[in-house]
Amino acid sequence: MAVRKLNPTTPGQRHKIIGAFDTITASAPEKSLVYGARKTGGRNNTGKMTMRYIGGGHKQKYRVIDFKRDKDGVPAVVKTIEYDPNRSARIALLFYADGEKRYILAPNGLQVGQTILSGAGVAPEVGNALPMTDIPLGTLIHNIELRPGQGAAMVRSAGAFAQLTSREDKYAIIKLPSGELRKVLAACKATVGVVGNSDHALEKSGKAGRSRWLGRRPHNRGVVMNPVDHPMGGGEGRQSGGHPRSRKGLLAKGYKTRAPKKQSNKLIIERRKK
């Protein structure tokens with residue numbers, strides 16, 4: 001993975017740093033795994049705006065990703081590595097031996113023509129998905145399930161990885177990208193390796209228009225509003241002091257919002273680093 005810095009021939013290109021597409025091997029997605037996704041513009045089913053600063057954006061097609069990796073024991077060949085507009089990571093198109101095609105998140109080091117597998121007892125190699133009971137301790141993993149068979153919910157963005165640190169009874173103890181140490185049922189599947197496109201964090205859009213292409217509208221700060229519009233609004237000049245709050249008056253920046261009696265609290269050994 002690499003990034004490209006452009007010559008500043010226009011103001012928008014002066015600070016622009018974008019990902020290189022050198023690892024991408026196909027320009028069009030697999031038609032059978034794609035469907036059109038409608039944009040909401042931040043509106044609900046009655047047309048009322050419930051999320052601000054959303055609207056516009058380039059039309060995108062949704063690629064159906066296999067987060068479950070439930071085709072156990074069936075070898076699959078990596079046909080292409082592709083761009084996905086819906087996520088920061090790259091995706092890989094798999095051709096299974098029985099003729100089925102599926103997309104997965106492409107980990108670092110996955111090559112076109114490589115054969116990968118999923119299921120219990122599979123070798124812990126890059127791209128293979130297997131229960132955490134079979135993964136050696138210390139292995140870097142991604143695409144982690146929270147419940148067996150549910151499908152991956154954690155560690156799916158570009159460059160992300162978790163580490164399997166130990167096993168305890170029926171639980172595997174993993175260190176998440178945030179630094180949080182938590183227990184997950186060892187019967188849950190995870191994929192070996194680090195999510196690809198790890199240079200995504202180095203990208204800079206260079207201009208406001210690129211945010212508009214992604215469907216993000218201009219975002220107004222609370223302090224520049226009037227008191228009627230926001231708890232932090234109003235005042236002569238720039239007002240200092242007061243606690244940062246949301247538009248609804250709830251404390252922001254450091255206020256704990258996690259439910260104190262949440263079921264998964266007992267699975268968290270060490271909270272994320274502040």
Side-chain angles (χ1 to χ4, degrees), residues 3-6 8 10-19 21 29 34-65 67 83-91 105 152-160 176-178 180 195 197-259 262 272 274:
V3 290
R4 287 187 298 153
K5 176 105 175 68
L6 281 76
T10 63
Q13 287 188 349
R14 184 166 296 282
H15 302 291
K16 181 176 170 183
I17 301 172
I18 56 170
F21 293 91
V34 158
Y35 65 86
R38 282 182 177 272
K39 290 190 184 295
T40 62
R43 271 80 173 165
N44 65 7
N45 61 338
T46 64
K48 179 181 168 61
M49 185 191 286
T50 53
M51 292 292 290
R52 296 175 296 159
Y53 318 127
I54 294 175
H58 199 287
K59 188 180 280 190
Q60 296 169 338
K61 286 182 175 161
Y62 186 78
R63 280 83 166 151
V64 180
I65 311 293
F67 288 115
Y83 172 78
D84 188 350
N86 305 291
R87 64 195 73 251
S88 55
R90 304 288 184 239
I91 56 175
L105 298 183
M154 295 191 293
V155 195
R156 306 191 327 191
S157 60
L176 295 171
S178 62
E180 180 174 298
V195 185
N197 196 24
S198 48
D199 286 335
H200 175 75
L202 304 175
E203 291 184 24
K204 290 183 181 178
S205 68
K207 61 180 185 179
R210 285 179 75 86
S211 292
R212 301 306 298 262
W213 299 343
L214 296 173
R216 298 173 191 151
R217 295 183 64 234
H219 192 115
N220 299 48
R221 295 171 298 134
V223 286
V224 301
M225 298 181 189
N226 293 318
V228 69
D229 300 314
H230 202 280
M232 290 162 65
E236 293 294 325
R238 288 185 177 172
Q239 288 295 340
S240 61
H243 292 286
R245 293 176 183 273
S246 72
R247 195 171 187 179
K248 292 182 177 178
L250 301 173
L251 286 167
K253 296 188 178 178
Y255 178 65
K256 288 187 170 62
T257 57
R258 188 177 173 88
K262 196 164 185 174
R272 68 178 187 265
K274 289 272 176 71

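Since the model is a prediction, treat every value here as computed from it, not as a measurement. Residue numbers run from 1 in the order of the sequence given.
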Return the [atom1] to [atom2] distance between [X] and [Y], rounded to the nearest 0.5 Å.
X: D199; Y: R4; atom1: CG; atom2: CZ; answer: 13.0 Å
X: Q13; Y: K207; atom1: CD; atom2: NZ; answer: 8.0 Å
X: E203; Y: S88; atom1: CD; atom2: OG; answer: 9.0 Å
X: I18; Y: L6; atom1: CD1; atom2: CG; answer: 5.5 Å

With H58 via ring-ring contact (aromatic ring centres under 6.0 Å, His included) - residues at least two apart: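 H58 satisfies ring-ring contact (aromatic ring centres under 6.0 Å, His included) with no other residue.
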
Validation row: [X], [Y] side chains within 4.5 angstrom (heavy atoms):
X: R272; Y: L176; answer: no
X: K204; Y: K16; answer: no
X: S157; Y: V195; answer: no
X: I65; Y: R87; answer: yes
X: T50; Y: T40; answer: no

[atom1]/[X]: more than 12 non-hydrogen atoms of other groups inside 6.0 Å:
X: K39; atom1: NZ; result: yes
X: R14; atom1: CZ; result: no
X: R38; atom1: CZ; result: no
X: K5; atom1: NZ; result: yes

Check: R156 side chain, A152 main-chain N or O, donor-acceptor pair, under 3.5 Å: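 Pair found, side chain donor or acceptor close to backbone of A152.
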
Check: D84 side chain, N86 main-chain N or O, donor-acceptor pair, under 3.5 Å: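 Between the backbone of N86 and the side chain of D84 there is a qualifying donor-acceptor contact (under 3.5 Å).
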
Under 3.5 Å, sequence neighbours excluded: what are the donor-acceptor pairs made by side chains of residues 41-48?
unit_1: R43; atom_1: NH1; unit_2: G41; atom_2: O; d: 2.6
unit_1: N44; atom_1: OD1; unit_2: T46; atom_2: N; d: 3.0
unit_1: N44; atom_1: OD1; unit_2: T46; atom_2: OG1; d: 2.8
unit_1: N44; atom_1: OD1; unit_2: G47; atom_2: N; d: 3.2
unit_1: N44; atom_1: OD1; unit_2: K48; atom_2: N; d: 3.0

With sequence neighbours excluded, residues passing side-chain hydrogen bond (donor to acceptor under 3.5 Å, both in side chains) with N220: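 Scan of N220 (side-chain hydrogen bond (donor to acceptor under 3.5 Å, both in side chains), adjacent residues dropped) gives none.
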
Set of residues satisfying side-chain hydrogen bond (donor to acceptor under 3.5 Å, both in side chains) with respect to R221, sequence neighbours excluded: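 Expected list: none.
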
Please output the side-chain donor-acceptor pairs of residues 235-257 that fall under 3.5 Å, not counting sequence neighbours, one pair per line with the distance.
unit_1: Q239; atom_1: NE2; unit_2: E236; atom_2: O; d: 3.3
unit_1: R245; atom_1: NH1; unit_2: G249; atom_2: O; d: 2.9
unit_1: S246; atom_1: OG; unit_2: K248; atom_2: N; d: 3.3
unit_1: S246; atom_1: OG; unit_2: L250; atom_2: N; d: 3.3
unit_1: R247; atom_1: NE; unit_2: D229; atom_2: O; d: 3.1

Aromatic plane relationship, F21 with Y83 - under 30° parallel, 30 to 60° tilted, over 60° perpendicular: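 It falls in the perpendicular class, over 60°.
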
Residues forming a salt bridge (charged side-chain N to carboxylate O under 4.0 Å, His left out) with R63, sequence neighbours excluded: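 Checked R63 against salt bridge (charged side-chain N to carboxylate O under 4.0 Å, His left out); zero matches.
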
